There are 2 protein chains.
Amino acid sequence: MSDGKIRNMEDFAALSGISRPTISKYFNDPQSVRQSTRAKIEEAIERYDYRPNIFAMNQNRKLTKNVGIVVPYLADPFFAEIARNIEQRCIDSGYRPTLFSSHGDPELEVEILDTLRSLKPAGVLIAPLGRASRKGALERFCKDVPTVLFDSNLEGIGAAFVGSDNFSFVSQTVEYMTRTGAPPAFFEMRTPANPNANKRRSAYIEMMSRLGFDPKVIQIDGEGWAFEEIGRRGAHKVLEDGSLPTDAILCSNDRLAIGFLSACYERGLKVGRNPDCVLRVASNDDHPFSKFTCPALTTAAHDYERVAEHSVDSLFLLIENGGSLPTREETLFPARLVLRASA
Amino acid sequence: MSDGKIRNMEDFAALSGISRPTISKYFNDPQSVRQSTRAKIEEAIERYDYRPNIFAMNQNRKLTKNVGIVVPYLADPFFAEIARNIEQRCIDSGYRPTLFSSHGDPELEVEILDTLRSLKPAGVLIAPLGRASRKGALERFCKDVPTVLFDSNLEGIGAAFVGSDNFSFVSQTVEYMTRTGAPPAFFEMRTPANPNANKRRSAYIEMMSRLGFDPKVIQIDGEGWAFEEIGRRGAHKVLEDGSLPTDAILCSNDRLAIGFLSACYERGLKVGRNPDCVLRVASNDDHPFSKFTCPALTTAAHDYERVAEHSVDSLFLLIENGGSLPTREETLFPARLVLRASA
DNA sequence: AATAAAAATTTACGCGCGATAACTTTTATA
DNA sequence: TATAAAAGTTATCGCGCGTAAATTTTTATT
């Protein structure tokens, strides 16, 4: 201290002319001290560049300002985007987000939950793996830690769910394709990892019935999260054996569609809505790359911003409410149809 | 304790029949206690599911087991992939990695360094933004915290650098294109954010000279990290005004190439090595998506695994060495040429 | 100016663990 | 079996901060 080095809050308090407990209060919640005191403290922070020891803070606080963000697969730019959005909102609200990716591995997902526990987070935002998730472990975790699920819903788990309205997605793409051409067949994985996939299939079937058409579901084999490659192989297979029931294809998600379009290109099949095209392909998600496929992908877009915003707001509400909410609300946002060249 | 709940290491020590200092030693380094004691402790951990309070640990330890990983742009699957690889290696070595993305923002990069300081990390692995990075802040950070740079080198900053040998990349693609067709023109951003881009341009010019050809560099406008869109617009422009000096194009990186191919498709220009193709396009990086472009992209691939492995090994060596190394080593790994349909 | 309410201060303790010194027990090597 | 080295034990302190009670100072209201 005499050498100008501030070692702890005590030193900083002495130099700034404010008592330590008040400084502590300030860092706990800047609004809890008088405006004039706050100004003094902030000036001193600026001058001495002091920050409290984060470990000592978190050790003693009943509730830390940590927030965990867990996504199933960070190498998927869709999740990277939404994670970025959520991350920023947490920072802006004075929380300290930490980002985790399950990398498609259920065991890793559970390990992350374990790590999160030790971080004593104020709350957690998790997009679970889905079908593969260890539901028991997740459920136990949500009992102990205020948790909001996003993107993938698991019935009854977590205090709230925020995601996209799969019916809104599929109904728009189906309606559009039908109106401007022919009713589409639905292209998906046989055993999709993500629960949204099942909802999308149901929505497709429902929508086709409403419009008076026979639903045609094409299910391809494949496991894991390499959706593009699975879509590409699956497309090659159905294009090879001619089992495609129609020339209008609606893919369950953009990553499958990316693979599908890749296969079409490799086989010299022109995709699009021009007269010389033999196929039309649409999809769901508005993946960051879907603008750059060949042709560019017609797709139903997530409202990233609103999903992120409402997820974070739900979590903060949950935290302020002491970790529980009266009912488990499921909030679904509609899609926005993005017309590009592929359909 | 009497109610079965273990509140701290003291309780756990009592239940496991080992003294607390020994337990503490074990968690600091499991190898530092006798085999028989270790077995007892591990059995007790298993039985009581005890884990030490991470905040109390880090507060008092001279050196934490925290490792920071910083990438410039996590929505780029290339960085997501390499981050995943590094992350896993850290975990396997008993460290606790935390992942950060600068999201292309130099201010955020500096903020992350600030956050990292407060985490008292044993070491940090950072792929800096490059040209836009606040070099002063980075340099100061590296003086205080053992840091290894990867992917993007900043002269003299950090204790070591691990990346890819840009000459190996470009020389292979140039040589291949020249041998199998014509010497390529080099397609890049005018003011690239990443220092690798400059090295690639130099390598291109050098390689063309060696082969006895005139280097032809096409520089397109654009700022930021939306490389695909920049590449697409740039391609449209040069294809529009016919300023392309040759029909063989080597893109500085895959993301630009993705945009380039997208533009070609939109203009009905067939790309590839078949006789009916009017352009050949190759690139560098082997981006996860480059297998699914139309046509699939011929590119020089990073050795993700070796870069990740050597980065982590360098950091651990640095840590064991007390935070400094005799010389600042720069390790570059060669590329592996991946032949696909585009060139 | 009087008074109550709000805010800041002083004092004191506790959190869970790291680290050390002095001592005792176990193990290794002869 | 003797003996030194290695490992474990007991006891005690300190880290940097949260938190609470009692007290004093400042602010707001009449």
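Note that the structure is a prediction, hence the values are computed from the model and not measured.
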Applied to residues 138-159 of chain A, the salt bridge (Lys or Arg N to Asp or Glu O under 4.0 Å) test, sequence neighbours excluded, yields A:Arg117-A:Asp144
- request: Determine, for B:Lys40 against B:Glu43, whether the closest basic-nitrogen to carboxylate-oxygen distance falls under 4.0 angstrom.
  value: no
**A:His103-B:Glu87 side chain donor-acceptor pair, cut-off 3.5 Å** = yes
Under the side-chain hydrogen bond (donor to acceptor under 3.5 Å, both in side chains) criterion, do B:Arg20 and B:Asn8 qualify, and how do the steps go?
-> CA-CA 10 Å; B:Arg20 189 175 70 77; B:Asn8 51 37; over 6 Å; no
Please state whether the phosphate of D:dA7, meaning OP1 or OP2, lies under 4.0 angstrom from any side-chain nitrogen or oxygen of B:Thr22. no
Pairs under 3.5 Å (N/O, protein and nucleotides 22-25 of chain C):
none

Worksheet item: When you check the side-chain N and O atoms of A:Glu81 and A:Asn85, is any donor under 3.5 Å from an acceptor?
Response: no
Review point. Hey, is the side chain of A:Tyr26 poking within less than 4.0 Å of OP1 or OP2 on D:dG18, counting only N and O atoms?
Key: no
Ignoring backbone atoms, test whether A:Ser19 places a side-chain nitrogen or oxygen under 4.0 Å from the OP1 or OP2 oxygen of C:dT9. yes
So salt bridge (Lys or Arg N to Asp or Glu O under 4.0 Å) across residues 62-77 of chain A, not counting sequence neighbours, yields A:Asp76-A:Arg255
Quick note, ring-ring contact (aromatic ring centres under 6.0 Å, His included) partners involving residues 57-101 of chain B, not counting sequence neighbours, are B:Tyr73-B:Trp225, B:Phe78-B:His302, B:Phe78-B:Tyr304, B:Tyr95-B:Phe316
Contacts of B:His310 meeting ring-ring contact (aromatic ring centres under 6.0 Å, His included) (sequence neighbours excluded), chain-then-number -> B:Phe333
Do any N or O atoms of the protein come closer than 3.5 Å to N or O atoms of nucleotides 19-23 of chain D, and which pairs are they?
{"unit_1": "D:dT19", "atom_1": "OP2", "unit_2": "A:Asn28", "atom_2": "ND2", "d": "3.1"}

